[in-house]
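The structure appears right after this line, and notes come after that.
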There are 2 protein chains.
Amino acid sequence: METTYINRKDHIKQVAQQLFRKNGYTATSMRNLAGEIGIEPASLYSHIKAKEDILQQICFGLANDFFSAANPICDSLMSPEEKLRRAIVAHIQVITNNLDASAVFFHDWRHLGTESLKKFRTLRSEYEELFRSIVREGMAECVFRKVNEKFMVLTIFSAMNWTYEWYQPGTNLNSEVIGNNVADMLINGLKTI
Amino acid sequence: METTYINRKDHIKQVAQQLFRKNGYTATSMRNLAGEIGIEPASLYSHIKAKEDILQQICFGLANDFFSAANPICDSLMSPEEKLRRAIVAHIQVITNNLDASAVFFHDWRHLGTESLKKFRTLRSEYEELFRSIVREGMAECVFRKVNEKFMVLTIFSAMNWTYEWYQPGTNLNSEVIGNNVADMLINGLKTI
DNA sequence: CCTACCGATCGGTAGG
DNA sequence: CCTACCGATCGGTAGG
């Protein structure tokens, strides 16, 4: 149970994302965080510069995970349908493997500072574009119905991103099965014929 | 532009849900709220008992709207497919007609006090059960594929509830069209054959 | 990583 | 709806 082998900065991040998920970023005080870790509040500042630093670590760390999962799929030579299915499964796996971070990512990104916020929005647009290009490709090849492209991608993200709200490790199906189920529901609703 | 005709309590609620949506419930202070309204912070307490009162008004008010929209559809004699389509459209219309309240509803319900929180969860379960029963009915009649019922409903809610994140009144399609598009994507992915 | 502490701000009350 | 104010708590710093 003790995880003394990880460094303190990671430890802080992990405890923080649990608390942020449970109570929200703003409602979690540095005193709460320090108390949960077992050190004095002021000691946190030996490892981080500010509260927002932690939020940045969480948000940009997870953004990086999403890209790492999706990029190789997008660059591959698979069919649009297979790409979309795999991208959905990969995305949902990142979420289910990082439930605390995902909750913070989706809820609390707006509490990032002005500069980080801008960077965050840019990354998110770039990531959405990955999915948009798969959908576009599929429409061009007539394997996807020609629905409004932006709308279609938003619905795909909707179905994927809500996962963190209800997924419970252990009690649910495993993440690959869930990803494939979501993909099934979406793709079979998209396909020509 | 002036809406002096509504009473102050409603005025407070409306301004509050704008601020809560933008900055979050916890990050919005009573001083922010009073400043936006143009009164002194202490004056708010002539109209409300506590900050959480406002959150309760918003959350339970919207819950009521959801039920009012869905109940007549569920009680009707339409086919499961038609019921589901109409319930989806109705749900999305409630969201798009109450974007501020919806954002608060989905983000900040967990900041309700213990008692309200319990009541909220119960209402939410009851509401989900409305959709679950439509899906169950559809499966029994073999018009919906026999997927895990709970999972299917969660995916439906996912696709519906994310709407508040991206819907922009005016610039988007109207809410009925959007609801029907979401219904199309979901139902055509659910139907036998 | 701790003790000691800062100025700012919080939700809310008393009393009119 | 206002003035005046409360105790509590906030994020963060100084200095060791």
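The sequence lines fix the lettering, A, B, ..., with proteins before strands; numbering per chain opens at 1.
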Any side-chain N or O of [X] less than 4.0 Å from the OP1 or OP2 oxygen of [N]?
X     : N      : answer
A/S29 : D/dT9  : no
A/R31 : D/dG12 : no
A/S46 : C/dC1  : no

Watson-Crick or G-U wobble partner of C/dG7, both distances under 3.5 Å: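 Across all strands, the one nucleotide that pairs with C/dG7 is D/dC10.
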Paired nucleotide for D/dG16 [Watson-Crick or G-U wobble; both distances under 3.5 Å]: C/dC1
Regarding [X] and [Y], is there a side-chain donor-to-acceptor distance under 3.5 Å anywhere?
X     : Y      : answer
A/H91 : A/N161 : yes
A/Q14 : A/Q18  : no
B/S29 : B/N32  : yes

Nearest to the side chain of B/R8, which nucleotide is it out of D/dC2, D/dC1, C/dC1? D/dC1
Quick check for you: among C/dG12, D/dG11, D/dC1, whose closest atom lies nearest to any side-chain atom of B/H47?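 The nucleotide sitting nearest to the side chain is D/dC1.
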How many whole angstroms separate atom [atom1] of [X] from atom [atom2] of [N]?
X     : N      : atom1 : atom2 : result
B/H11 : D/dC1  : NE2   : C1'   : 15 Å
B/L44 : C/dC10 : CG    : P     : 13 Å
B/I12 : C/dG11 : CD1   : C1'   : 15 Å
A/E40 : C/dT3  : CD    : P     : 5 Å
B/Y45 : C/dG11 : OH    : P     : 6 Å
A/K51 : C/dT9  : NZ    : C1'   : 13 Å
A/M30 : C/dA8  : CE    : P     : 20 Å
B/I39 : D/dC2  : CD1   : C1'   : 10 Å

If you measure from the Lys or Arg side-chain nitrogens to the Asp or Glu carboxylate oxygens, is any gap between A/E129 and A/R132 under 4.0 Å? yes
Is A/E82 salt-bridged to A/R86, cutoff N-O under 4.0 Å?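 A/R86 and A/E82: salt-bridged.
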Across the strands shown, which category fits A/T26 at heavy-atom distances under 4.0 angstrom: base, sugar-phosphate, nothing?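 Touches nothing.
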How do A/A27 and A/A42 order along DNA chain D: which one's closest nucleotide is nearer the 5' end? A/A27
